[in-house]
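Single-structure report; data block below.
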Number of protein chains: 2
Amino acid sequence: MLKITRKVEYALIALSQMQLKGNKSLTSVKEISQQNGIPYELLAKTMQLLARAEIVEAVKGPHGGYRLKKDPSIIKMTTFFEIIEGPMGFMDCSFDTDCDQIQSCAIRTPIQRINDSIRNMFNNISLQDITMLS
Amino acid sequence: MLKITRKVEYALIALSQMQLKGNKSLTSVKEISQQNGIPYELLAKTMQLLARAEIVEAVKGPHGGYRLKKDPSIIKMTTFFEIIEGPMGFMDCSFDTDCDQIQSCAIRTPIQRINDSIRNMFNNISLQDITMLS
DNA sequence: TTATATCCGACCTATTTAGTCCTAATTAAA
DNA sequence: TTTAATTAGGACTAAATAGGTCGGATATAA
Ligand code: SF4
Ligand code: SF4
């Protein structure tokens, strides 16, 4: 419960490694997956999500790979999570309205406040805060 | 991702309802499950966890049920979550040491800080903060 | 032309979450 | 003393999510 997924972890590791190399040079999925013991195909798909969202830029062909496209310091963790995993919410009713109890639910309001606090917290953490290890 | 489970929600709803009735009278699982459209057996098992943890007190037999045993204002949400779902952590390495990358992992430290912030947040929210609707 | 990349969907597997079933044990009340 | 209502708890099944794999397409440097 309340865990991040491997895909998110892998993406963070990848970006962290790319930042180390500087954002001029390209880093391939192969390189990242080998150096960190991450399943190639899964990381590849995750990088594709980041490319679609224009977090990184892809260069195809031999000696291709990815490079950072946006400054990680302006990317919120909330955004990052949702690029990879889709809508994020503490409970179902925070992003869809399918719950039967939604009218009479006694805990919805207080728990929604917690949801907001968490979102708020991740809105104030940037990708840079995690990938720039210190 | 980052969602609470139904068991946690059901437990919160149950406790919320019990608090409304006052902590002298007993509330049965049947009553709670019917009034809130919650699966009886699942709620029953969840209440048993709370009883073992002495959050509530059980009374068997006809007209039996549960009543609050501890003051909800002194129970941290962290504790509550872990009673129901077991060890809570943002990633695997925050409560077990089985991850292969644990030595070389570039993101462990910064992400551990986030984990600590979340724990800290839930250490400062009491059960009462959620079950006493306002 | 070939080898090396990303791209992308379909698929499979494992794990976790959610829900069900069945059989005690306890006890108030008929 | 029997019956019905309640909690206790294990075994099981079903559904949803997470994690991982495969195959083929597209682009491009050498
Ligand atoms: S309405 Fe209540 S029970 Fe339904 S998802 Fe929201 S918090 Fe949970
Ligand atoms: S060591 Fe790194 S990869 Fe492993 S669980 Fe911890 S954060 Fe995730």
Side-chain angles (χ1 to χ4, degrees), chain A residues 1-11 13-14 18 25-34 37-67 69 81 84-89 91-92 95-96 98-101, chain B residues 1-11 14 18 25-34 37-67 69 81 84-89 91-92 96 98-101:
Chain A
M1 189 189 151
L2 298 180
K3 272 205 301 228
I4 55 174
T5 63
R6 284 284 171 184
K7 275 197 293 191
V8 167
E9 287 198 14
Y10 295 160
I13 290 171
M18 289 166 70
S25 64
L26 291 166
T27 315
S28 72
V29 170
K30 191 180 174 191
E31 192 181 335
I32 300 169
S33 76
Q34 283 179 348
I38 296 174
Y40 176 88
E41 292 87 354
L42 188 52
L43 178 59
K45 286 211 303 190
T46 309
M47 291 308 293
Q48 286 161 27
L49 293 175
L50 298 183
R52 272 183 239 172
E54 304 197 310
I55 303 289
V56 297
E57 183 179 12
V59 175
K60 289 184 177 180
H63 311 302
Y66 294 95
R67 72 164 69 87
K69 189 165 182 184
F81 286 155
I84 297 176
E85 298 294 341
M88 178 181 110
M91 62 281 193
D92 289 343
F95 58 86
D96 86 27
D98 276 8
C99 179
D100 296 338
Q101 284 101 328
Chain B
M1 188 188 152
L2 300 178
K3 273 207 301 232
I4 56 174
T5 62
R6 284 284 171 184
K7 274 198 295 192
V8 168
E9 287 199 13
Y10 296 160
M18 288 166 71
S25 62
L26 291 165
T27 315
S28 72
V29 170
K30 190 179 174 190
E31 190 180 336
I32 301 169
S33 75
Q34 284 179 347
I38 295 174
Y40 176 89
E41 292 89 352
L42 188 53
L43 177 61
K45 287 211 303 190
T46 308
M47 291 308 293
Q48 285 162 28
L49 292 174
L50 298 182
R52 274 185 238 172
E54 304 196 311
I55 303 288
V56 297
E57 184 179 12
V59 175
K60 288 184 178 181
H63 311 301
Y66 294 97
R67 72 164 69 89
K69 190 166 182 183
F81 286 155
I84 297 176
E85 298 294 341
M88 177 180 109
M91 63 279 193
D92 289 343
D96 87 26
D98 276 7
C99 179
D100 297 337
Q101 284 101 328

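Proteins get letters first, then strands, A, B, ... in listed order; numbering begins at 1 in each.
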Could you give the [atom1]-to-[atom2] distance, from [X] to [N], as a whole number of Å?
X       : N      : atom1 : atom2 : answer
A:Tyr10 : D:dA18 : OH    : P     : 14 Å
B:Arg67 : D:dT7  : CZ    : P     : 12 Å
A:Met1  : C:dT15 : CE    : C1'   : 17 Å
A:Arg6  : C:dA14 : CZ    : C1'   : 14 Å
B:Leu26 : C:dA28 : CG    : C1'   : 13 Å
B:Glu9  : C:dG19 : CD    : P     : 10 Å
A:Lys3  : D:dA18 : NZ    : C1'   : 10 Å
B:Phe81 : C:dT17 : CZ    : P     : 13 Å

Could you identify which residues of residues 37-54 of chain B place a heavy atom less than 4.0 Å from some atom of DNA chain C, listed by residue number, or say none?
-> B:Pro39, B:Glu41, B:Leu42, B:Lys45
Which heavy-atom pair separates A:Leu43 from A:Ala14 by the least distance, and what is that distance?
-> CD1-CB, 4.2 Å
Salt bridge (charged side-chain N to carboxylate O under 4.0 Å, His left out): pairs with one or both residues in residues 37-52 of chain A, sequence neighbours excluded = none
Any donor-acceptor pair under 3.5 Å linking the side chain of A:Gln101 with the backbone of B:Gly37?
-> yes
From D:dG19, D:dT17, C:dA18, pick the nucleotide closest to the side chain of A:Thr5?
-> D:dG19
Could you list the residues that satisfy salt bridge (Lys or Arg N to Asp or Glu O under 4.0 Å) with [X], not counting sequence neighbours?
X       : result
B:Lys30 : none
B:Glu31 : B:Lys21
A:Lys60 : none
B:Glu57 : B:Arg67

Toward the 5' end of DNA chain C, by each residue's nearest nucleotide, A:Tyr66 or B:Lys7 | A:Tyr66
Could you tell me which residues satisfy side chain to side chain contact (heavy atoms under 4.5 Å, CB included) with A:Thr46, sequence neighbours excluded, listed by chain and number?
-> A:Lys7, A:Ala11, A:Ile84
Base, backbone or nothing for each nucleotide of nucleotides 24-30 of chain D, written B, S, -, heavy atoms under 4.0 angstrom, 5' to 3'?
-> --BBBB-
For A:Tyr10, all residues meeting ring-ring contact (aromatic ring centres under 6.0 Å, His included), sequence neighbours excluded = none
